[in-house]
Amino acid sequence: MPEERTYDFRSVERAWQRRWEDERIYVARDDDPRPKYYALEMLPYPSGDLHVGHAKNYTLGDAIARMQRMRGYNVVHPMGWDAFGLPAENAAIQRGADPETWTRSNIENMRRQIRLMGTGYDWTREFATCDPSYYRWNQWFFIRLFEKGLAYKREAPVNWCPVDRTVLANEQVEDGKCWRCGAEVERRNLAQWNFKITDYADRLLAGLDRLDGWPERIRAMQRNWIGRSEGVTFSLDVENVDARIEVFTTRVDTIYGVTFVAVAPEHPVVAKIVERFPKTRRRIEDFTATLRGKGELERTQLMEKTGVPTGAYAINPLSRERVPIWVTNYVLAEYGTGAVMGVPAHDERDFDFAKKHGLSIAQVITTPDGSLRAPLAQAYVEDGKLMASEEYSGMKSAPARRAIAARLEAMGRGTTTINYRIRDWLVSRQRYWGTPIPIVSCERDGLVPVPDDQLPVLLPRGVAFTGQGSPLANDPAFVNTTCPRCGGPAQRDPDTMDTFVDSSWYFVRYLDPHDAKASFDRAIASRWMPVDQYIGGAEHAVMHLLYARFFYKFLVDEGYVDGDDEPFTRLFNQGTLLYGGEKMSKSRGNVVGIDDTVEKYGVDAMRLFLLKAAPPEDALEWTDEGIVGRVRFVQRVWRGAEPLAGVARAIPLDRLPEMRGERQRELVRALHVALESGKNETETRRFHYNVTTAKLDEVVNLLTAAVREADAASDPAVLYVVHALPIVLAPFAPHLADELWSKLGYERSVHLERWLDPDPQALATDAITLVVQVNGKVRARIPVAPGIAEDAAYELAMAQSTVTAQIDGKQVRKRIFVPDKLLNIVAA
RNA sequence: GGGCAUGUGGCGGAAUCGGUAGACGCGCUGGAUUUAGGUUCCAGUGGGGCGACCCGUCUGAGUUCGAGUCUCAGCAUGCCCACCA
């Protein structure tokens with residue numbers, strides 16, 4: 001039996017959600033004259049059901065978008081679906097579900113749940129990346145990249161996940177394991193499509209310096225991933241073999257300490273040496289066999305450093321010494337040149353290897369004071385002073401590097417080189433549920449792009465999901481086609497694109513989502529870009545966020561969008577939601593559902609809890625008790641304000657009300673403290689609305705007390721706060737705010753109102769508390785008038801027994817006076 | 001091993017600048033109201049002491065009139081990177 005004054009959140013919340021959509025209050029217009037603000041949460045994958053962990057992410061984005069809208073911005077806040085991907089296809093294999101049907105029904109459910117949370121999205125911009133009208137432009141951009149030489153197909157050792165049965169990009173291998181399923185990744189030689197992200201390495205790095213609206217942690221992770229290192233690449237002749245070995249080193253100052261050359265088993269020189277020295281063939285092949293199929297993790301980290309001598313020798317170009325060439329497991333074929341100079345005295349890895357295989361160790365760097373002498377117990381890897389290095393002996397490392405680099409360059413043997421750890425983005429996937437790669441392979445014409453007017457290359461329906469081989473490769477009707485150039489028989493590429501391609505430009509498509517003639521309109525996109533506030537978890541630090549930055553630079557370079565080539569001006573990393581101490585996730589089985597929570601406690605209570613419990617960047621523990629406090633808050637607001645709803649219409653909020661006494665002053669001040677907090681948290685982009693909502697508690701607590709007074713209904717200050725309250729609540733508890741606002745007699749939604757500016761006069765106080773310290777310890781708090789002079793304050797302080805008792809008999813040495821705040825008396 | 005964070009009551013957390021430590025909420029305790037009350041209202045709630053007081057922000061040093069805040073060292077936790085030559 002609901003009591004008269006109980007706020008019935010169930011019916012109220014649903015009614016407002018309907019009205020907001022009917023009135024299209026979140027639809028952003030391109031021609032709106034107000035300054036634009038693009039708020040965006042990372043594109044969700046429609047996995048099925050939302051839990052309150054998702055709600056945490058969307059609630060923050062929604063509060064920011066609502067706040068900025070009320071602060072006078074033309075806000076665009078879109079939502080859509082990252083709809084391609086493996087789970088849909090796995091459901092097809094396991095349960096016979098059609099991936100599209102499965103995905104679409106998940107989208108339906110998640111859209112319903114997101115609406116249930118009352119988030120103010122502009123649904124007119126919604127799309128799913130599996131819509132042909134979207135992925136068509138994936139294909140179109142793929143061809144543009146291909147034309148510029150930025151998409152290329154190449155056979156190389158790649159990461160293969162045996163469980164998901166597809167290749168993976170380097171970024172998608174974590175600790176040698178597949179980022180999705182955790183299976184140990186294998187190495188395979190396959191011909192695959194790559195995007196040349198390495199061409200953008202320096203710009204991706206330089207751009208990070210400008211992104212001061214990004215968490216430093218994410219920038220550091222990207223810098224680390226790109227991994228720029230400066231050094232020298234030089235070549236060594238191989239004795240009696242017609243070949244040279246190129247090596248890359250950042251420590252060319254240690255070149256006189258080279259005692260061996262280590263090469264990766266895949267290095268081409270190995271074949272030439274084997275040809276020249278057939279007796280070593282067996283040994284090398286046996287060794288290589290032990291490594292075959294082993295992932296990079298196993299080869300480079302789990303296994304001990306090992307190797308076999310090839311029997312050949314390389315010549316140090318400066319010292320002319322001959323040093324043995326070894327095939328080893330610790331040199332990566334893909335990084336640098338696939339070969340390194342071995343300097344055991346000054347490199348830990350080389351030291352270990354030399355010790356194990358009895359290779360000599362030649363010290364060529366000593367400490368600046370020259371005290372360090374062989375035999376070395378471990379590698380000395382610091383810079384120092386050169387020794388045993390001919391004319392360079394005695395030089396410091398840094399100048400020696402420059403001098404030796406110049407000498408090698410003059411000899412025509414070397415160049416200074418910048419090497420990057422990042423590798424090209426491998427985008428082919430041997431799976432069905434993704435964007436088909438729009439390239440046809442013709443025996444005569446080679447790789448031919450599908451003409452633009454034949455896009456999209458549609459995913460065929462009704463293919464068989466056997467779990468054996470790629471569905472597209474097994475479908476002759478799809479694969480067999482004619483060459484667009486010569487008309488002869490040709491084959492379609494049977495692979496689909498990495499779904500990270502889909503999410504690399506979706507944020508631009510939102511701005512012109514229904515364009516059938518182009519990916520998006522240049523003028524419209526340029527008006528809205530870049531994204532002003534991007535919100536998402538840190539798990540995409542070196543995947544999505546790096547790919548999207550690369551892709552957007554390409555879009556700007558090619559003139560598809562004008563303006564800065566960084567797409568996300570500011571990035572906010574949400575903390576995860578924990579439940580029972582663990583991250584809330586479906587796979588852990590510790591989820592708290594949205595539907596149940598909303599039904600039991602209400603949307604606004606859920607939103608307020610998620611905002612209030614912790615700063616948004618921190619991990620937050622969900623508790624069923626904690627949300628009860630927010631349910632109480634919602635009810636308290638209603639019980640406090642609603643009874644006064646009919647008393648007065650249209651209280652002016654642009655000026656302060658008459659305040660009859662200190663209680664009224666305090667109440668109005670509390671409101672303005674909350675307004676100021678909301679403003680500051682938004683402007684500084686800290687978004688610590690946990691503090692702002694705490695200030696709202698104080699307002700409501702004071703209001704509840706004031707309303708109990710007999711004359712509350714005729715008190716201008718109380719009525720002023722009642723009328724202002726919906727505005728300050730609106731970004732955080734949007735339904736409660738609008739319900740109260742309409743009860744107060746206003747026709748238009750409160751979300752179309754202006755946020756109120758905190759009034760300095762309301763924030764000012766006419767009595768302040770002066771803290772009196774003796775030797776830094778608080779001894780008294782005296783109420784004083786603002787602006788009190790030091791001498792007057794001192795006199796008041798010395799009238800306090802708690803102060804004089806501490807000074808008792810001591811000499812006052814010093815007085816520290818902070819106006820209106822503190823007086824510290826130093827006595828000894 | 002390297003890098004970056006973080007460390008405050010029983011719990012989540014507050015505390016622009018170095019200036020009243022613990023706002024606000026949960027929980028707990030006591031009281032009120034109610035036929036009843038799991039989501040009502042009020043009050044109290046860092047520890048110690050009867051007490052004017054003493055102690056207290058991971059530990060230890062330091063700077064300062066004054067340190068949760070700054071510096072150094074250590075410990076703990078979390079995240080990221082980890083044979084990249």
Side-chain angles (χ1 to χ4, degrees), chain A residues 3 5-6 174-175 215-221 223-225 227-229 231 247-251 254 262 296 299-301 303 305 328-332 334-343 347-350 352-353 419-423 538 541-542 600-602 605 608-609 612-615 617-636 639 673 680 684 688 690-698 700-701 704-705 708 769-778 780-781 801-802 805-806 813-818 821-828:
Chain A
E3 207 184 313
R5 278 183 182 179
T6 300
E174 293 169 353
D175 248 356
E216 184 49 46
R217 200 167 66 92
I218 303 293
R219 292 200 283 173
M221 280 165 74
R223 281 196 194 97
N224 207 332
W225 187 262
R228 179 192 152 102
S229 53
V247 297
F248 171 73
T249 178
T250 56
R251 290 299 304 276
T254 65
E296 199 170 285
R299 252 173 77 167
T300 60
Q301 288 176 48
M303 292 175 76
K305 282 181 196 56
T328 69
N329 65 340
Y330 78 94
V331 175
L332 305 172
E334 295 84 30
Y335 182 78
T337 60
V340 303
M341 62 179 208
V343 185
D347 182 282
E348 283 170 21
R349 296 151 300 182
D350 297 343
D352 290 350
F353 188 77
N419 241 310
Y420 295 94
R421 179 186 180 280
I422 190 173
R423 296 175 214 172
V542 288
K600 199 164 169 196
Y601 306 106
L608 286 166
F609 175 72
K612 155 127 200 188
E617 68 273 24
D618 286 3
L620 160 61
E621 175 79 26
W622 176 267
T623 63
D624 299 296
E625 299 85 51
I627 193 171
V628 169
R630 297 300 86 196
V631 174
R632 284 182 200 144
F633 171 82
V634 168
Q635 297 293 343
R636 200 152 49 223
R639 272 193 303 272
V673 166
N680 285 348
T684 60
H688 284 197
N690 55 317
V691 178
T692 308
T693 48
K695 304 295 182 198
L696 283 174
D697 271 275
E698 300 194 49
V700 173
N701 289 344
T704 307
R708 267 199 306 275
T769 306
L770 187 78
V771 173
V772 181
Q773 297 182 333
V774 178
N775 294 331
K777 292 204 171 192
V778 179
R781 299 181 174 96
S801 60
T802 51
Q806 294 299 322
R813 305 266 178 212
K814 203 173 174 183
R815 302 191 320 212
I816 313 285
F817 184 65
V818 184
K821 229 172 198 169
L822 171 135
L823 175 69
N824 186 13
I825 299 166
V826 185

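In what follows, chains carry the letters A, B, and so on, assigned in the order in which the sequence lines appear, proteins first and then strands, with residues in each chain numbered from 1. From a predicted model like this one, the values you see are computed outputs, not experimental measurements.
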(request) Ignoring backbone atoms, test whether A:K305 places a side-chain nitrogen or oxygen under 4.0 Å from the OP1 or OP2 oxygen of B:A85. (result) no
(message) Whether A:R639 contacts B:C41 is assessed here as follows: a side-chain N or O lying under 4.0 Å from the phosphate OP1 or OP2. Is that the case?
(response) yes
(request) Could you check whether A:S229 gets within reach of a base, just the sugar-phosphate, or nothing at all, counting any heavy atom under 4.0 Å? (result) sugar-phosphate
(request) Flag yes if more than 12 heavy atoms outside A:E216 fall under 6.0 Å of its CD atom; otherwise flag no. (result) yes
(request) Using a 4.0 Å cut-off on protein heavy atoms (strictly under), produce a 5'-to-3' string for nucleotides 48-53 of chain B with B for base contact, S for backbone-only sugar-phosphate contact, and - for none. (result) -----S
(message) Under 4.0 Å, counting only non-hydrogen atoms across every strand here, what does A:R813 touch: a base, just sugar-phosphate, or nothing?
(response) nothing
(request) Would you check if the side chain of A:N419 reaches a backbone N or O of A:S229 as a donor-acceptor pair within less than 3.5 Å? (result) no
(message) Students often get this wrong, so: under 4.0 angstrom with heavy atoms, is A:V826 touching a base, only sugar-phosphate, or nothing?
(response) sugar-phosphate
(request) Look at all strands and tell whether A:D352 reaches a base, only sugar-phosphate, or nothing, counting heavy atoms closer than 4.0 Å. (result) nothing
(request) Would you kindly say whether A:Y601 and A:D624 are connected by a side-chain donor-acceptor distance under 3.5 Å? (result) no
(message) Syn or anti for B:G9? Use the chi torsion, O4'-C1'-N9-C4 for purines and O4'-C1'-N1-C2 for pyrimidines, with syn inside 90° of 0.
(response) syn
(request) Could you tell me the separation between the CZ atom of A:R632 and the P atom of B:G37, rounded to a whole number of Å? (result) 16 Å
(request) Tell whether A:R781 reaches the base of B:U20 with its side chain through a donor-acceptor pair below 3.5 angstrom. (result) yes
(request) Take the protein atom CZ of A:F633 and the nucleotide atom P of B:G12, then report the distance between them rounded to whole Å. (result) 23 Å
(request) Report which part of the nucleic acid A:R219 touches: base, sugar-phosphate, or nothing (heavy-atom distance under 4.0 Å, all strands). (result) nothing
(request) Would you mind telling me which of B:U39, B:G19, B:A85 lies closest to the side-chain atoms of A:I816? (result) B:G19
(request) Assign A:K695 to base, sugar-phosphate, or nothing according to its heavy-atom contacts below 4.0 angstrom with the strands shown. (result) nothing
(message) Heavy atoms from C-beta onward define the side chain here; which of B:A15, B:G19, B:G25 lies closest to that of A:V691?
(response) B:A15
(request) Please work out if A:N824 contacts a base, only the sugar-phosphate, or nothing of the nucleic acid, heavy-atom cut-off 4.0 Å. (result) base
(request) Quick one: label A:V628 by what it contacts on the DNA or RNA (base, sugar-phosphate, nothing), any heavy atom closer than 4.0 Å. (result) sugar-phosphate
(message) Does A:G629 reach a base, just sugar-phosphate, or nothing at all? Heavy atoms under 4.0 Å.
(response) sugar-phosphate
(request) Could you give the distance separating B:U57 and B:G2 at their P atoms, to the nearest angstrom? (result) 30 Å
(message) Using OP1 and OP2 only, check whether a side-chain N or O of A:N224 sits under 4.0 Å from B:C80.
(response) no
(request) Look through every strand shown and name the nucleotide pairing with B:A43 as Watson-Crick or G-U wobble, where both distances are under 3.5 Å. (result) B:U29
(request) Please check the phosphate of B:C26 (OP1 and OP2 only) for any side-chain N or O of A:R630 closer than 4.0 Å. (result) no
(message) I'd like to know if A:Q773 reaches the base of B:G19 with its side chain, counting only an N/O donor and acceptor under 3.5 Å.
(response) yes
(request) Rounded off to whole Å, could you give me the NZ-to-C1' distance for the A:K777 and B:A67 pair? (result) 13 Å
(request) Mind checking A:N419 for me? I need base, sugar-phosphate or nothing, with any heavy atom below 4.0 Å counting as a touch. (result) nothing
(message) Quick check for you: among B:C24, B:U39, B:C26, whose closest atom lies nearest to any side-chain atom of A:E625?
(response) B:C26
(request) Would you mind reading off the distance between A:N701 atom CG and B:G44 atom P, rounded to a whole angstrom? (result) 12 Å
(request) State the pairing partner of B:A15; accept Watson-Crick or G-U wobble contacts with both distances under 3.5 Å, and report none otherwise. (result) none
(request) Determine: side-chain N/O of A:K814 to OP1/OP2 of B:C65, distance under 4.0 Å, yes or no. (result) yes
(request) Rounded off to whole Å, could you give me the CD-to-P distance for the A:E348 and B:A85 pair? (result) 13 Å
